[in-house]
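Heavy-atom basis, side chains included; hydrogens, waters and symmetry copies ignored. Proteins get letters first, then strands, A, B, ... in listed order; numbering begins at 1 in each. These figures come from a predicted structure and were not determined experimentally.
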Protein chains: 2
Amino acid sequence: MPAEDTLSLTGNRSPQAYERGVTLFRQGEPASAFFVVLSGWVKLYRITPDGHEVVIHVFTKGDTFAEAAMFLGGRYPASAETVSCARLLRIEASVFRMRIRENPELALSMLASASRHLKSLITQIEQIKVRSAPQRIAEFLIEALPQGDGGPTTFELPFEKALLANKLGMKPESFSRALSKLRAHGVTVDKETVRVEDPDKLQNFAVYEADDMVPQ
Amino acid sequence: MPAEDTLSLTGNRSPQAYERGVTLFRQGEPASAFFVVLSGWVKLYRITPDGHEVVIHVFTKGDTFAEAAMFLGGRYPASAETVSCARLLRIEASVFRMRIRENPELALSMLASASRHLKSLITQIEQIKVRSAPQRIAEFLIEALPQGDGGPTTFELPFEKALLANKLGMKPESFSRALSKLRAHGVTVDKETVRVEDPDKLQNFAVYEADDMVPQ
DNA sequence: CGATCGTTTGATTACGTTCAATCGTTGTGG
DNA sequence: CCACAACGATTGAACGTAATCAAACGATCG
């Protein structure tokens, strides 16, 4: 998006810094704005009627979220909260709606963004429906891994394991166990640090192998 | 959407009739069009690398689908197939892209539509993550039930149980068993016909009750 | 009438949850 | 400075739900 457009949207206001644990909006509230993440991490989640927290997604640098919500009866379908300190751009719906009428291209880029989210949700549904817990973790690792030469790669988990577990649709205990099962596939964990011996091999496990791990 | 707009989009072409089992597009194909369902049922699904079919959604009268796909690198992220005979409106991406530049309002209604899909997928993720098989079926029944006075209601399952099972993220066998468990909550099934004694009570089970069914 | 398909039922297995205890780190107050 | 709480993560044991494998049933169709 051209710089001039972004400026007209933010009204020349600078990005705001947030502490960890700040609620940006709650499900059911009128959707008055959407956000662009410049740095840090934000979780999008729902609280179910019986009190469970379900993490839908965790956004980070470069992501936008809640854009689509503005067009759906004006209510957020989920809540959002920073899970680390973060810098966010907040764009008001009223401003955006004005601009979109002057600039149809803006609508197209919004649609592109919404499409990416749709695709990501479709992928997530597929994951939860047919992949085992270890496979879902493997898939996450593959996605999160810094692009390398295919050789052994090391990186840091970006946020709490319990949050990641929830995002992947499992309990923290299951996450812990599933993660240690990945040791058989070249994954070693020390605190926040994860080392993947062979990303291609891990990928293969994530998508194809049901479970043919040989004991010993 | 005003009638004049729809006409300009379809190029005055009339809706096309499809047999059951017709593939409309396959995942990975260039997304050249999106669809409006006038009647019948269409399933949106993915085939995973290891050959499983995962049903993402089943669309019916009044739904549009694949609109967003046109904006995402031009590839469909899933496949679509009619599961009954159906009448569909097919709208070409090229035509649509032209029109959207002349008519920004069109983009807004597209965004609204994409938002509804986003919300529906978010709901689905929540369902699969935290609800049991019987609860997911109950939820589906509540949604599918014709609006009544809250009293006993009867309706017909709109398509195969195996398809519904897949959509709800379970195997046909599990579906069958889960459905019979709902007998304890006032649901009786005879072939395609489902009778719900007390929709409110069933709704309550779908959202709140973990499982406190009393034997006998 | 036999074949096929969708559905149901049965027995068994496997996975993830639940409940519970432990460990390690961090941070706080006496 | 250390004791102790608080929290996140891990581990263990028992349980429960859904998947799997297998068979049987009923309806439909050729």
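- Side-chain N/O atoms of A/Lys161 include one lying less than 4.0 angstrom from OP1 or OP2 on D/dT10.
- Taking atom CG of B/Asp190 as the reference point, atom C1' of C/dT8 lies 14 Å away to the nearest angstrom.
- Applying the 3.5 Å distance criterion, the base of D/dT20 shares a donor-acceptor pair with the side chain of B/Arg177.
- For the pair B/Leu157 CG and C/dT8 C1', the interatomic distance rounds to 15 Å; values are reported in whole Å.
- Put simply, CG on A/Leu168 is 11 Å from P on C/dT17, counting in whole angstrom units.
- Taking the side chain of B/Ala133 as heavy atoms from C-beta on, and the options D/dA18, D/dA9, C/dT8, the nearest nucleotide is D/dA18.
- Judged purely by atom type and a 3.5 angstrom limit, A/Thr153 has no side-chain atom pairing as donor or acceptor with the backbone of A/Val196.
- For the pair B/Phe140/B/Leu168, a side-chain contact is recorded, criterion being any heavy-atom separation below 4.5 Å from C-beta on.
- The base of C/dC5 does not come close enough to the side chain of B/Glu160 for any donor and acceptor atom to sit less than 3.5 Å apart.
- Here the side chain of B/Ser180 pairs a donor or acceptor atom with the backbone of B/Ser176 at under 3.5 angstrom.
- Taking atom CZ of residue A/Arg20 and atom C1' of nucleotide D/dC7, one finds them 11 Å apart after rounding to whole Å.
- Between B/Glu173 and A/Ser174, the one whose closest nucleotide on DNA chain C sits nearer the 5' end is B/Glu173.
- The CZ atom of B/Phe175 sits 13 Å away from the P atom of D/dA19 (whole-angstrom rounding).
- Looking at B/Leu44 and B/Phe25, their side chains come closer than 4.5 Å, going by heavy atoms from C-beta outward.
- Using a 4.0 Å cut-off, some side-chain N or O of A/Lys171 falls inside it from OP1 or OP2 of C/dT18.
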* **Dot-bracket pairing map - DNA chain D, Watson-Crick plus G-U, both contacts under 3.5 Å, | cross-strand** => ||||||||||||||||||||||||||||||
